[in-house]
Undergrad: 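Structure below; questions to follow.
Note that the structure is a prediction, hence the values are computed from the model and not measured. This chain uses plain numbering: 1 for the first residue, then up along the sequence.
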Amino acid sequence: MADHRYDVIIIGSGAAGLTAALNLADTKRVVVLAKGGLAEGSTAWAQGGIAAVLEPGDTFESHIEDTMVAGAGLNDRRTVELVVEHAPAAIERLASLGVPFNPTEGEGHDRWHLTREGGHSHRRIVHVDDATGWAVQQALLAAAEAHPNINLVADMAAIDLVTGRHCDHYSGDGRVRGVYALHRPSGKVALFTARATILATGGAGRVYQFSTAPRGASGDGIAMAWRAGARVSNMEFNQFHPTCLYNLEVKNFLITEAMRGEGGILKLPPEAPNGGHRFMPDFDPRAELAPRDVVARAIDHEIKRLGLDYVHLDISHREPAFIEHHFPTILAKLLTLGIDIRKEPIPVVPAMHYTCGGVVIDLDGRTDLPGLYAAGEVTQSGLHGANRLASNSLLECFVFGEAAAKHILRSWDDLPDPGVVREWDESRVTDSDEDIVVQHNWREIRRFMWDYVGIVRTTKRLERALHRVTLLQREVEDYYGNYRITADLIELRNLIVTAGLIVRSALSRHESRGLHYTLDYPEMLAQAKDTILVP
Ligand code: FAD
Ligand code: SIN
């Protein structure tokens, strides 16, 4: 087996991974691994935009305050300040890489058009129509592809981090020396070693049956870091986006929050009692622009109370030209499904969207393990607290991708050579003749997480979920120990670890705060405290 040696390994080719790569590559040889195509993470799917203070009248203090209010007091103020204050420079850098942010539409605004989303007290979201993430992903990829020091490797699924346990001379120092990864087309396991490794593997949206996230969001980085010995924090805070398209064929198409920012209203469908009623003002004075946890819970409440399949999001009162200009992607997609959003409302339901918790990092992107950094949705940096403010997450990727890269460059001389690492051992496994086990367990985990660990929780349901996690984890580990590794098995193994971390975190929080709402502890405690799980 070849040992691929680099200066730095980056696992993940989304906003966080590519930002880190571009900040390292002038002096370091970098490899970027992606488990599928290079543009298959959440970054490419982002719709609404990126938050930054860019207009006279808006202030850092206001963006910080909005972030902390959404986060229900659990945010780390130092992280929030770092990210908010670095936001304008991050946007400028993206523009200089060619991201074509929409320009302003009239007089009195700054250079770019700024839209608005829930929880923001000011217009501060730059965007590229309603497909911002795609434009960002393309610009970052083009810059990385053009750099001679960056090797982009698709279809290379990381299995586990390499630590002192995998060295010829055992070392218990916890230092990460690289990663074992499955080359999917050949089925062979490769070894990558480096002085530093950055996890940029995104979130775990697919732990739930209904999710806006792409298939690869299976919590791989969180599970790998956990197995290697890093702490994981705040996993109970799973953000459900209020408005995912309800369609039996298309299960994970997001309807951007910017639609509510531009006047979209939420109504009961005509068949409901009081059909057509605009219900959000009954729940919160901020109505459709309340933070996501509030809007998602209100929709969930109405759906359950009235036995509905969905509620309606309606923008049809705005001019057709306005809708065509602002939401061309959503308009085109929904027309293919027979819904003309210029004339009729959209059926929507909440769906799992974003993982607020993750691997604990400091302001330099360092994890607990020497040599291991992390950036983006895989982390718990202190930015989001108990609930992420809309459009703060791409921003986090840019700020922490750069912070991790800068720390590696600063401390290069103190980062030891990875040494000699043992090869991947396949001598005791065989090919599975029971792939049905993998498919069945995938479905089962996602189903019970949706039913028992959803928007509104109870201790009894969480205990049921924990029982199932424990049984499945044993079954999956047994399977992993006996059969040759496949991409589906890698994801299943990570999915069950991540589900276990979510359930244990949720059980240990005896209050309702932000995204964690439980009928057994409906009040919020006076003191905000992170949930920290130690391996
Ligand atoms: P990702 O972009 O998810 O990239 C993860 C990378 O890791 C991928 O390259 C993947 O292949 C790789 N990877 C994962 N596991 C492995 C493995 N085992 N081995 C090798 N590689 C691996 N945020 C905003 O701020 N604004 C928005 O408008 C917005 N809209 C969104 C819309 C949707 C539909 C979704 C799902 C999310 C949205 N978000 C938005 C959230 C935001 O897109 C993500 O938080 C962000 O893009 C995460 O970037 P990342 O670099 O951390 O990970
Ligand atoms: C959206 O466009 O509604 C998603 C924004 C986000 O997740 O930050």
Side-chain angles (χ1 to χ4, degrees), residues 1-14 16-18 20-21 30-43 150-163 165-166 175-204 206 214-230 232 355 358-359 361 365 367 369 371-379 401 404 418 421-426 476 480 484-498:
M1 178 181 57
D3 174 357
H4 304 278
R5 282 207 172 219
Y6 286 86
D7 291 333
V8 182
I9 299 164
I10 299 174
I11 312 175
S13 60
L18 293 177
V30 179
V31 67
V32 179
L33 311 181
K35 70 174 162 183
L38 294 169
E40 284 181 6
S42 292
T43 297
I150 300 179
N151 188 12
L152 297 161
V153 184
D155 286 325
M156 188 63 84
I159 305 168
D160 259 324
L161 295 166
V162 170
T163 63
R165 285 179 290 176
H166 306 99
R175 175 168 292 284
V176 171
R177 286 130 162 108
V179 66
Y180 294 113
L182 175 73
H183 180 237
R184 295 172 67 168
S186 67
K188 298 258 181 293
V189 176
L191 169 64
F192 290 82
T193 55
R195 287 208 214 180
T197 300
I198 304 178
L199 280 176
T201 45
R206 284 301 177 113
R215 149 93 205 221
S218 47
D220 294 6
I222 297 170
M224 283 191 284
W226 174 256
R227 284 193 293 267
V232 164
T355 310
V359 182
I361 56 166
T367 71
L369 305 179
L372 183 67
Y373 295 75
E377 195 170 335
V378 67
T379 66
V421 174
R422 273 203 307 275
E423 293 194 357
W424 181 256
D425 180 4
E426 278 196 327
V476 172
Y480 174 77
R484 194 160 281 125
I485 195 85
T486 63
D488 283 351
L489 181 54
I490 292 173
E491 287 186 341
L492 175 66
R493 183 171 174 243
N494 295 328
L495 215 59
I496 190 70
V497 169
T498 309

Undergrad: To the nearest 0.5 angstrom, please state how far the OG atom of S218 sits from the CG atom of N494.
TA: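 One gets 6.0 Å once the value is rounded to the nearest 0.5 Å.
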Undergrad: According to the interplanar angle, ranging from 0 to 90°, do the rings of H166 and Y180 count as parallel (below 30°), tilted (30 to 60°) or perpendicular (above 60°)?
TA: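 Because their plane-to-plane angle is over 60°, the rings of H166 and Y180 count as perpendicular.
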Undergrad: For G365 and A404, which heavy atoms make the closest approach, and how far apart are they?
TA: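 In terms of heavy atoms, the two residues are closest at CA-CB, 4.5 Å.
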Undergrad: Holding to side-chain contact (heavy atoms from CB on, under 4.5 Å), I want the full list of residues that pass it with R195, two or more places apart in sequence or in another chain.
TA: W412, L415, P418
Undergrad: Once rounded to the nearest 0.5 Å, what's the spacing between atom CD1 of I150 and atom CD1 of I10?
TA: 7.0 Å
Undergrad: Under the side-chain contact (heavy atoms from CB on, under 4.5 Å) rule, collect the residues that match up with A374, sequence neighbours excluded.
TA: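 Once residues adjacent in sequence are excluded, the partners of A374 under the side-chain contact (heavy atoms from CB on, under 4.5 Å) criterion are L199, I361, T367, V378, T379.
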Undergrad: Just jot down the side chain to side chain donor-acceptor pair (under 3.5 Å) partners of R215, sequence neighbours excluded, or say none.
TA: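 Partners of R215 under the side chain to side chain donor-acceptor pair (under 3.5 Å) test: D488, E491.
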Undergrad: Just one of T193, I159, L191, L33 clears the side chain to side chain contact (heavy atoms under 4.5 Å, CB included) bar with V179, so which one?
TA: L33
Undergrad: Indicate the atoms forming the closest heavy-atom contact of E377 with G203, along with that distance.
TA: OE2-CA, 3.5 Å
Undergrad: If you look at every heavy atom in V32 and A21, which pair is closest and at what distance?
TA: CG2-CB, 3.9 Å
Undergrad: With rounding to the nearest 0.5 angstrom, report the CZ to CG distance, R227 to L161.
TA: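 Reported to 0.5 Å precision, the distance equals 8.5 Å.
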Undergrad: Closest heavy-atom contact between I198 and A20?
TA: CD1-CB, 3.8 Å
Undergrad: Do the charged groups of R493 and D160 touch, with an N to O distance under 4.0 Å?
TA: yes
Undergrad: Look up atom OG1 in T163 and atom CZ in R177, then write down how far apart they are to the nearest 0.5 Å.
TA: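 Between atom OG1 of T163 and atom CZ of R177 there are 7.0 Å.
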Undergrad: Applying side chain to side chain contact (heavy atoms under 4.5 Å, CB included) to I485 and Y480, what does each step give before you reach the verdict?
TA: CA-CA 7 Å; I485 195 85; Y480 174 77; 3.3 Å; yes
Undergrad: Among all residues two or more places apart in sequence or in another chain, which pass the side-chain contact (heavy atoms from CB on, under 4.5 Å) test with A194?
TA: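 If we apply the side-chain contact (heavy atoms from CB on, under 4.5 Å) test to A194, skipping adjacent residues, the hits are I9.
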Undergrad: Report the distance from atom CE of M224 to atom CD1 of I11, rounding to the nearest 0.5 Å.
TA: 4.5 Å
Undergrad: Mind listing the closest non-hydrogen atom pair of A154 and G36 along with its distance?
TA: CB-O, 3.3 Å
Undergrad: Could you work out, with side-chain contact (heavy atoms from CB on, under 4.5 Å) as the rule, every residue matching A16, not counting sequence neighbours?
TA: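 By the side-chain contact (heavy atoms from CB on, under 4.5 Å) rule, A16 matches A200, A375, C397.
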Undergrad: Tell me the closest heavy-atom pair linking T498 and A204, and the distance in Å.
TA: CG2-CB, 3.6 Å
Undergrad: Out of curiosity, E40 CD to K35 NZ, how far, rounded to the nearest 0.5 Å?
TA: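 Nearest 0.5 Å value for the CD-NZ distance: 10.0 Å.
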Undergrad: Can you sort out the partners of T486 under side chain to side chain donor-acceptor pair (under 3.5 Å), two or more places apart, ordered by chain and number?
TA: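 Here no residue qualifies.
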